[in-house]
There are 2 protein chains.
Amino acid sequence: MKYITIKDIAKELNVAVSTVSRAFNDKYDIKPETRDRILKKAGEMGYRPNPIARKLVQQRSFNIGIIIPEFENSFFPQVIMGAQEILYQHNYQVLIMQSNESVDLEIQNAKTLVDNMVDGLIISLSGVGDNLSYYKVLTEKKMPLVFFNRVPENIETSNVVFDDYKWAFFATEHLIHQGFKDILFISGANELILSKNRRRGYDDAHKKHRIPIGKKITCGFSMQDGAQIAKNLITENTIPRAILAANDACAIGMIRVFKDSGFKIPEDIAIVGFSETKMAAHISPTLTSVEQPTYEIGKAAAQLLLEQLQNKGIHIPQTIVLNGRLNVRESSMKV
Amino acid sequence: MKYITIKDIAKELNVAVSTVSRAFNDKYDIKPETRDRILKKAGEMGYRPNPIARKLVQQRSFNIGIIIPEFENSFFPQVIMGAQEILYQHNYQVLIMQSNESVDLEIQNAKTLVDNMVDGLIISLSGVGDNLSYYKVLTEKKMPLVFFNRVPENIETSNVVFDDYKWAFFATEHLIHQGFKDILFISGANELILSKNRRRGYDDAHKKHRIPIGKKITCGFSMQDGAQIAKNLITENTIPRAILAANDACAIGMIRVFKDSGFKIPEDIAIVGFSETKMAAHISPTLTSVEQPTYEIGKAAAQLLLEQLQNKGIHIPQTIVLNGRLNVRESSMKV
DNA sequence: AAAATTTCCGAAAACGTTTTCGGAAACGTT
DNA sequence: AACGTTTCCGAAAACGTTTTCGGAAATTTT
């Protein structure tokens, strides 16, 4: 690929490269007339500024990196769309990388993006490990950082989270109201704050209604993970009356296994998902699920990042807690 | 952010920057001993090469751009994972951009990636318009390009496609075998080759079985698009006995509307999806769908791109046609 | 009309690398 | 011991921009 450069234009018009540069950046020491002449010529020649060179000299890129654990569920893509909307408005480009639920790959992704001089990073953790110490280094170096959904503890930076405590509480209470007492709790990875918060919500709902707290199992966020847990439950013959699942994918995986084994949902086992996906309203039975405002999460994260980018010096870490709602459907109804 | 550079290391060790550079690139005119000394020091200082600077001088980036129309359906994410697997093995990083089904945004994305000196581009079209002429320019400039799934006509470059003709034929034939004669065909945007191929497959299946060819409707690839079409059919009272949908999302959107209006699937209306999503096996009724080898599509696209990158000079456009299969489930069964 | 100010632009350095060229030092050959 | 090779490394140019500095030209002020 042969790229047309500022030099080509300069030569063509017999001006200095600095003048051409000025024409594009519209700093105010160029005669409007020459600016137009240059812009016109540049247009004719099909010139496009080289962002690589610009990054090198300006030490900034107008790029924002977004790192997500996976994008097979529509949750993260939707968050990204929200973030993009805001960032595009402020002339930032968005580079997306996915870590495939691997902490190592996540670190690698983060480093790649930093090497490429992104101006800031929006991250959802794939897990908890070495990555945190790297993020600490980054915050010390004043790299603007915003976490969302799966956020770290003990790092002084901005977060966008869902009120997992509250909605786990409500979801559990909903099941209790339906008359179910033996409720199994399926949580995501234990180190994640969101898991801890949901656990508290689950526990507190039991306490409020004076019901002995049920069993808890740790599980991943995929359909396969859910299916595996369901199989285990069946072989161990420890099937609960109701289940609060880690997310919709997990719930759906469980439902399939249960149905295949002849159990009826919700007659034999009631189930509630989390982070409502599009599937929830379409599967059979329709799935009760806690809905998260995905788009808003992305927007909020982008806005927090923009704030950090604007007040370069001082940055007061903020945590935005977003609200959700419980969509009650067939899968959790008393019969 | 303060970055540690090659100069810092050079100063620290009293060597020239070129020597440090050599240590990293392991061109063979450096003494192993000094190389190790430099590498050790660099490690201690936490140095990481700046890819921006490298890109500028080498005029290549070891980055590959992938442009997709959307990523709410898991189809494109899966393709990306396949491509990533291959590209990572060859030390390429992957930059993902999504066009939100907009041709304009797609062009913008492509230009951004080109400006950022990606070494090649893997693209699925959001539509057909000005983008094609830009891609023609790119091929003339020898930018390695591979299209997949939604590919352009009349551009001399490599493609990875699904055998849409064959599988639309089989899907239609399946419906005919079930005894349905009045089969509605829902196609994606008309300009897309895949739509044309599927149309031919649909037509030929009718011809083979001497059945008059049914009605065709053009539709988008989203759940909403499907829902809208279904509503129209109901108000116009032109409901067919069977439907071959543009994709699973579209099919699911239709099914919901039909069910809400009291129709039974498949008793009243049979339906077949396309590009099997994870939902197909979990919705009610389970959805018959043509399964595409998403992961393989990504891998194949990556491999075609690597070939172009390796034989820089000559490039013989190739088209890889991948095979699929029809997963027959409840939604298309005769009762 | 001279002086002071402003407007505009060119030259050159800088960003962090790679790469080419040449030369010093070390080695091998006669 | 003189020469030819090879090994290793430093100096400097290059990539395409932005930015600083200074100065010429144009304009305003006296």
Side-chain angles (χ1 to χ4, degrees), chain A residues 1-39 41-42 45-63 91 93 111-112 114-119, chain B residues 1-39 41-42 45-63 91 93 111-112 114-119:
Chain A
M1 286 268 325
K2 160 73 188 145
Y3 295 93
I4 297 173
T5 77
I6 221 173
K7 286 184 191 170
D8 300 324
I9 302 174
K11 199 174 293 172
E12 198 78 14
L13 291 174
N14 271 322
V15 295
V17 288
S18 45
T19 309
V20 180
S21 173
R22 267 185 281 254
F24 277 93
N25 297 308
D26 231 355
K27 308 276 191 208
Y28 243 29
D29 46 351
I30 185 167
K31 190 160 32 168
E33 182 187 308
T34 53
R35 170 166 47 72
D36 295 344
R37 201 160 51 99
I38 290 172
L39 259 35
K41 192 64 165 185
M45 297 175 67
Y47 166 78
R48 291 177 60 85
N50 182 328
I52 306 270
R54 205 197 302 239
K55 280 183 221 189
L56 191 58
V57 51
Q58 295 194 142
Q59 301 279 71
R60 70 175 302 184
S61 63
F62 272 97
N63 285 164
N91 294 318
Q93 295 282 351
K111 289 189 174 170
T112 300
V114 170
D115 290 343
N116 279 283
M117 295 186 171
V118 291
D119 297 341
Chain B
M1 287 272 320
K2 160 74 186 144
Y3 296 92
I4 295 173
T5 76
I6 219 173
K7 286 184 192 170
D8 299 325
I9 302 174
K11 200 173 293 170
E12 198 77 13
L13 292 173
N14 272 323
V15 295
V17 289
S18 45
T19 309
V20 180
S21 173
R22 267 185 281 252
F24 278 92
N25 298 308
D26 230 356
K27 309 274 192 208
Y28 240 34
D29 45 352
I30 185 167
K31 188 159 35 167
E33 180 189 310
T34 52
R35 169 165 49 70
D36 294 345
R37 201 160 52 99
I38 292 173
L39 259 34
K41 193 65 165 183
M45 297 176 68
Y47 166 78
R48 290 178 60 84
N50 183 328
I52 306 270
R54 204 197 304 241
K55 282 183 218 188
L56 191 58
V57 51
Q58 297 194 140
Q59 301 280 71
R60 70 175 305 184
S61 62
F62 273 95
N63 285 163
N91 294 318
Q93 294 282 353
K111 288 189 175 171
T112 301
V114 170
D115 290 343
N116 279 283
M117 295 186 170
V118 291
D119 296 342

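The chains referred to below are lettered A, B, ... by the order of the sequence lines, with proteins before strands, and numbering in each begins at 1.
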Query raised in the report: Do Asp8(A) side-chain atoms and Thr5(A) backbone N/O form a donor-acceptor pair below 3.5 Å?
Result: yes
What's touching nucleotides 13-17 of chain D from the protein side, N or O pairs under 3.5 Å?
| unit_1 | atom_1 | unit_2 | atom_2 | d |
| --- | --- | --- | --- | --- |
| dC15(D) | O2 | Val57(B) | N | 3.3 |
| dG16(D) | OP1 | Gln59(B) | NE2 | 3.4 |
| dG16(D) | N2 | Ala53(A) | O | 3.4 |
| dT17(D) | OP1 | Tyr47(A) | OH | 3.1 |
| dT17(D) | OP1 | Asn50(A) | N | 3.3 |
| dT17(D) | OP2 | Ile6(A) | N | 2.8 |
| dT17(D) | O5' | Tyr47(A) | OH | 3.2 |

Requested in this report: Could you please name the partner base of dT30(C), counting Watson-Crick and G-U wobble pairs only when both distances are under 3.5 Å?
Outcome: dA1(D)
Query raised in the report: Judged by atom type as modelled, is there a donor-acceptor pair below 3.5 Å linking the side chain of Asp119(B) to the main-chain atoms of Ser61(B)?
Result: yes
Query - Nearest-0.5 Å distance, CG of residue Asn14(B) to CD1 of residue Ile9(B) - result: 13.5 Å
Requested in this report: Please step through side chain to side chain contact (heavy atoms under 4.5 Å, CB included) for the pair Gln93(B) and Asn116(A), ending with a clear verdict.
Outcome: CA-CA 11 Å; Gln93(B) 294 282 353; Asn116(A) 279 283; over 6 Å; no
Query raised in the report: Closer to the 5' end of DNA chain C via nearest nucleotide, is it Ile30(A) or Val20(B)?
Result: Ile30(A)
Query raised in the report: Taking for each residue the nucleotide of DNA chain D with the nearest heavy atom, is it Val15(B) or Thr19(A) whose nucleotide lies nearer the 5' end?
Result: Val15(B)
Can you check nucleotides 20-27 of chain D for protein contacts, nitrogen or oxygen pairs under 3.5 Å, and list what you find?
none

Query raised in the report: Rounding to a whole Å, what distance do you find between Glu33(B):CD and dT7(D):P?
Result: 16 Å
Report summary line: Heavy atoms of Arg48(B) and Thr112(A) approach each other most closely as NH2-N, 4.4 Å
Query raised in the report: So how far is it from Thr19(A) OG1 to Ile38(A) CD1, rounded to the nearest 0.5 Å?
Result: 6.0 Å
Query - Pair Lys55(A)-Asn50(B), side chain to side chain donor-acceptor pair (under 3.5 Å): steps then yes or no - result: CA-CA 11 Å; Lys55(A) 280 183 221 189; Asn50(B) 183 328; over 6 Å; no
Query raised in the report: About how many Å separate OG of Ser18(B) and CG of Asn25(B), when rounded to the nearest 0.5 Å?
Result: 11.5 Å
